[in-house]
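This report refers to the structure that appears directly beneath it.
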Amino acid sequence: MSKPLSRLLIHPAPFLKSPVDTPSVMFDVLLAALGVTVVAIFSFGLSAALVVAAAALGAVGTEYLFGRRDLHSLADWSGPLTGVLIGLTLPPGFPLWMAFLGGVVGMGLGKVAWGGLGQNLFNPALVGRAFLQAAFPTAITTWTPNGQGLTALQSSNLALPMMHGTVDGITTATPLGLAKFEHHFTGTLDLFVGNTGGSLGETNAMLLLLLLGFLIWKRALDWRIPVSIIGTVAALSAVFWFMDPTLYPSPVFMVFSGGLLFGAIFMATDPVTSPMAPKGSYTFGFGIGLLVVLIRLFGGLPEGVMYAILLMNAIVPHLNRAFQPVPFGRGRKS
Amino acid sequence: MSGFAHGVHPPDNKHYTEKLPIRRYPFPRRVVLPLSQHIGAPSRALVAVGDRVQRGQLIANPGGFVSTALHASVTGTVVEIAPYRVSSGALVPSIVIETDPFDAQRLEERPPLDPSALNNKDFVQHIQMAGIVGLGGAAFPSHVKYAVPEGKRIEHLVINGAECEPFLTCDHRVMLESPEQVMGGIAIVAERLGVRSTHVGIEDNKPDAVEALRRAGGGKGNIQVDALHVKYPQGAEKMLIKAIHGREVPAGKLPLELGMVVNNVGTMAAIYDYFQTGKPLIERVLTVTGPGVAEPANLLVPLGTSVREILEYCGIKPEVTQVIMGGPMMGQPLAELDVPVQKGTSGLLVLTKAGMAKEYACIRCGRCLEACPELLNPQLLAKLARGGRWEETESRAFVFDCIECGSCSYACPSGIPIVQLIKTSKAELRKRQRAK
Ligand code: SF4
Ligand code: SF4
């Protein structure tokens, strides 16, 4: 017996480790995001697959070429996740070269430039999306309709680099666009099953809620953040709706339309760019919900989720400082 | 019952040994008895090489007030007094006794001693001379807790039967098999200190132990047996008090501040035995367990027995990677197995899967914050310690409040060695303190 025992491993306690580790957390979220992608392919056809793949390639390639190798940055799945998430915020007919560029910028400016995983202030996927919105405002708001079959491919997808391409056939509008500019509220059922125009990942509310359940069950995200965002948006918009249901959309519409669920589940919950302490998470979620309602109802844009999250990202360090736990036996009333 | 905040839920792994009755381990050929098996000053040897000693005989006197006596755990001959390696890796002066193979190893018994006939000073001295220390693992000399300073009063006695460390079952078995001894010891201490209430806290994964103690007289009068939630570290002194009394011991202070004393159940049984028969602390129950042990067991082992011998006795599987003295959350990894069982040794845990989690960058997920029972910010502590910013770990993050329970490292998905960084920071700060 002394033979195997001559090589005892020595490392400090504890000798038990929770089974949840960083790659598994990232992988679970990636899995959920890929689930969204598959459903998007059913809605929008081949375009969806290509747009997501282009953005993912841009992100992973950038991290591979410029990221830090010592932090296992590719092994932890966070790079591919960022790319897929960028892709899912884009419209189906989005030119692939632009999607690729979005992945490059999101990863490069949003993460690698800050020093890699865990160092960045802003959600890298949203940095990528914000860049695309600023650079290509038309392409990113050109919506092609869903339900064109599995092989549907928009000619604009294949636009050559530096070109926008033309959207042939019909374009459509998102429910939020319709609500803002034409005062038409899309029906709840259509929102729920994704029978609307919109970005690839945002249209199917039922799917997103199922995935939220999955991620909570896997403990891959802090449930307080989506719950407080959704709760805040529902509560605030209910107030306005009660005041004037013809002018303001219903809370159900507010929650199920646009990128709210997608942002609340996949973007706001990025651990790196959200607060650490529970009270910070609630505050963060409340802030996002408040900003979303203000932007959507009173701002010039139909959608506000991206800006709401990016703005709240900026104050996360302050939230972390403000909600430091009070150590045991240091003045809490017991 | 309010419970304590945060904490973690590691799998308890008690199934290896919780059903196994305590067995007496055969007397070893020789024992190595370190003169410092407790917190405080080392004991002073009273014997010389060549002396014949009886089992239970006093062989070393306390080396001060915070120190305790030491007794021969076997009948035999003192063959050496020299530094020996102990579990921490340190060399500690030790008395080595070679067991007399022909002796019956009987223990001299005396008639029961009535503790109520003693004044407080004598009571404290009896406990000290019986060599009794906290058997939960910290090995703090018990009598010190009973020597209540002028002007203070102990109102509440809290007895720790939580046994929150995964794998370990020695306290569980003691409560189950010797409930009268445990309750008897509690009665002695409670009367001596004149407390108003006594609470025994037991995690509710041991309903049979709760039942056994209640049958042995707990739950009557002012002695309560409380079933507590299974949550690590329920058995940490301050968390136990919080769960039972709903009060927080002020940071940096002892339970005495709230008029409380916390003792382990095994310690109570040892005190009872001493007053009943005069038996000093010469053996203890420990759990030999883990996936690497062929025959896991709860054993009553003479102090000073070699760990290697015990593991050979229980059988070790070839795929062993680690041997830990104590539990998996706070135990000590052994670099070598030729170290003795000491008063604070609660278990030997043999693991087969290699250890350290792969490390990733901190993703600021906050899981460590939500794990820390001291409500510290382990992420900040680890970050500051890693940057060598020792002073700030104290001024900004209260490093000395950390009880090194390991909950943060357990919970961290990025495998950051948070506790280790904290220990390093404490050691650096202490070094600086001494240098001043
Ligand atoms: S080891 Fe220290 S910092 Fe970590 S959870 Fe325990 S008390 Fe908190
Ligand atoms: S649990 Fe680990 S990864 Fe999460 S915040 Fe704490 S140190 Fe960072």
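Residue numbering restarts at 1 for every chain, and letters A, B, ... go by the order of the sequence lines. Predicted model, so just to flag it, every value in this text is computed and none were measured.
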Can you check salt bridge (charged side-chain N to carboxylate O under 4.0 Å, His left out) on B/K358 and A/D21, steps first, answer last?
-> CA-CA 9 Å; B/K358 193 163 157 192; A/D21 65 13; over 6 Å; no
Heavy-atom pair of closest approach, residues A/F15 and B/G331 = CE1-O, 3.6 Å
Here the pair of heavy atoms bringing B/P413 nearest to A/K17 is CA-NZ, 4.0 Å
With a 4.5 angstrom heavy-atom cut-off, which part of [X] approaches chain A: side chain, backbone, both or neither?
X: B/L349; answer: neither
X: B/P10; answer: side chain
X: B/M330; answer: backbone
X: B/K238; answer: both
X: B/C362; answer: backbone
X: B/P166; answer: side chain
X: B/E404; answer: neither

So A/V316 and B/R364, side-chain contact (heavy atoms from CB on, under 4.5 Å) or not? Walk me through it.
-> CA-CA 11 Å; A/V316 162; B/R364 296 194 290 218; over 6 Å; no
Among [options], which residue has the highest count of heavy-atom pairs closer than 4.5 Å to chain A?
options: B/L380, B/V249, B/L351; value: B/V249
options: B/S409, B/G326, B/G406, B/P333; value: B/P333
options: B/H6, B/M239, B/R367; value: B/R367
options: B/Q332, B/H9, B/Q379; value: B/Q379

Is the closest basic N to carboxylate O distance between A/K279 and B/E370 below 4.0 Å?
-> no
Below 4.5 Å from any heavy atom of chain B, which atoms of A/T269 appear? Answer side chain, backbone, both or neither.
-> neither
Below 4.5 Å from any heavy atom of chain B, which atoms of A/V20 appear? Answer side chain, backbone, both or neither.
-> both
Side chains of [X] and [Y] in contact at under 4.5 Å (non-hydrogen atoms):
X: A/P325; Y: B/L376; result: no
X: A/R330; Y: B/L375; result: no
X: B/C372; Y: A/F328; result: no
X: B/V419; Y: A/P14; result: yes

With rounding to the nearest 0.5 Å, note down the distance linking CE in A/M26 to OH in B/Y360.
-> 11.0 Å
In Å, rounded to the nearest 0.5 Å, how long is the span from CZ of B/F167 to CG of A/L16?
-> 6.0 Å
Answer yes if the side chains of A/H11 and B/Q322 hold a donor-acceptor pair under 3.5 Å, and no otherwise.
-> yes
So with a 6.0 Å cut-off around NZ of B/K383, is the heavy-atom count from everything else above 12?
-> no
Trace of the side-chain contact (heavy atoms from CB on, under 4.5 Å) decision for B/I363 with A/L117 | CA-CA 7 Å; B/I363 54 169; A/L117 183 64; 3.8 Å; yes
